[in-house]
Amino acid sequence: MSIVIISPGRDVSSWVKTFNKFDPKIDIQVFPDIRDKESVELAILWQHPKGILKEFPNLKLICSMGAGVDHILSDSEIPLSLPITRIVDPGLTIPMTNYVVMATLNHHRQLYRYQSNQKKKVWDMSDPELETKVGVMGVGALGGDVIQKLKFLGFSVFGYGNSPKSNTDYPYFHGDELPQFLNNVNLIICMLPLTPLTENILNLDFFRKCNKGTYIINVARGNHLVEDDLLTAIGEGTISGAFLDVFRKEPLPQEHPFWNSDKITVTPHIASVTNPNSAIPQVIENYKRIKNHKPLLNQINQILGY
Ligand code: GLV
């Protein structure tokens, strides 16, 4: 049995070491140095070259290296019969929530205003808290934790997702209830999975339905956001600013206007980075489960895309 790690351009030596630590009997091959394609039964992927999986005739399971699976499902040659799992783990959830809480509090307590005032030696005690009603789009493992922690901090929090949900302990909207959801909030956190339904969801039409001055945090995927539309919406004052960790093209190109916008904060896709120590045990467990025909942990629905 062999596992292949396919993550071009990324140093995966810590993944190999960690696999060896947990189970030295597992043979690990790292793309592009593949020794024996026939022996590969499990592929761990991050931005793999499309179509490559058909070179592994005995593949039984595909695991994403992270929480998202859009990078896998965008490969049209992946057979529907192959199960796909993602990482769900406190090592991803807690850093993500901390990042979102940090971005929310920075906006709510206007850290940037005080940093700028400090440079000018301005002592301005007016309006110390912005009224902030939070809308979380995507209420799965990551979004659900953000909602609970922001509620704990005393924020009014509203959720939005694709499917109906009952018994949530927060107001929840789904599907075409988007306008009602937007009506209730003035800070939006995008934590949606990237699917054909959610791609480009943060566009000018969406922004114009938001309450004036709404603030945007995007920690999901760059392709949720139409970047030029955000600049237009900020220019017209519909949107007051944005805190962005993900971009359509990463690294964000040097000439991109987001770098120089004083209304936009840019971080380099670091909100939550998979920790091999906590992720690998669930990959190994899933490998054992597939061998023993048992239900998999964190298997995604390939039709829904998450
Ligand atoms: C990161 O973006 C992930 O999907 O884990």
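Atoms within a ligand are numbered from 1 in the order they appear, just like the ligands themselves. Since the model is a prediction, treat every value here as computed from it, not as a measurement.
Annotation: His269 places an N or O atom under 3.5 Å from an N or O atom of ligand 1; distance criterion only. Taking only nitrogen or oxygen atoms, main chain and side chain alike, Ala67 reaches within less than 3.5 Å of ligand 1. In terms of polar-atom proximity, defined here as any N/O pair under 3.5 Å, Gly68 does make such a contact with ligand 1.
Close contacts of ligand 1 with Arg221, meaning ligand atoms under 4.0 Å from a residue heavy atom, involve 1 (C), 2 (O), 3 (C), 4 (O). Atoms of ligand 1 lying under 4.0 Å from any heavy atom of Trp46, numbered from 1 in the order shown and given with element: 1 (C), 2 (O), 3 (C), 4 (O).
For Tyr99 and Phe243, the distance between ring centers is under 6.0 angstrom. The distance between the ring centers of Phe155 and His108 falls below 6.0 angstrom.
The pair Glu77-Lys50 does not count as a salt bridge, with every side-chain nitrogen at least 4.0 angstrom from each carboxylate oxygen.
Residue-level proximity to ligand 1 for Met65 is absent, since no heavy atom of it falls below 4.0 angstrom.
For the 3.5 Å distance criterion, the side chains of Glu227 and His256 qualify, holding a donor opposite an acceptor.
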Quiz item: After noting the C-alpha distance and the side-chain angles of Arg221 and Glu199, does the key distance pass the salt bridge (charged side-chain N to carboxylate O under 4.0 Å, His left out) rule?
Solution: CA-CA 9 Å; Arg221 286 289 181 261; Glu199 185 160 11; over 6 Å; no
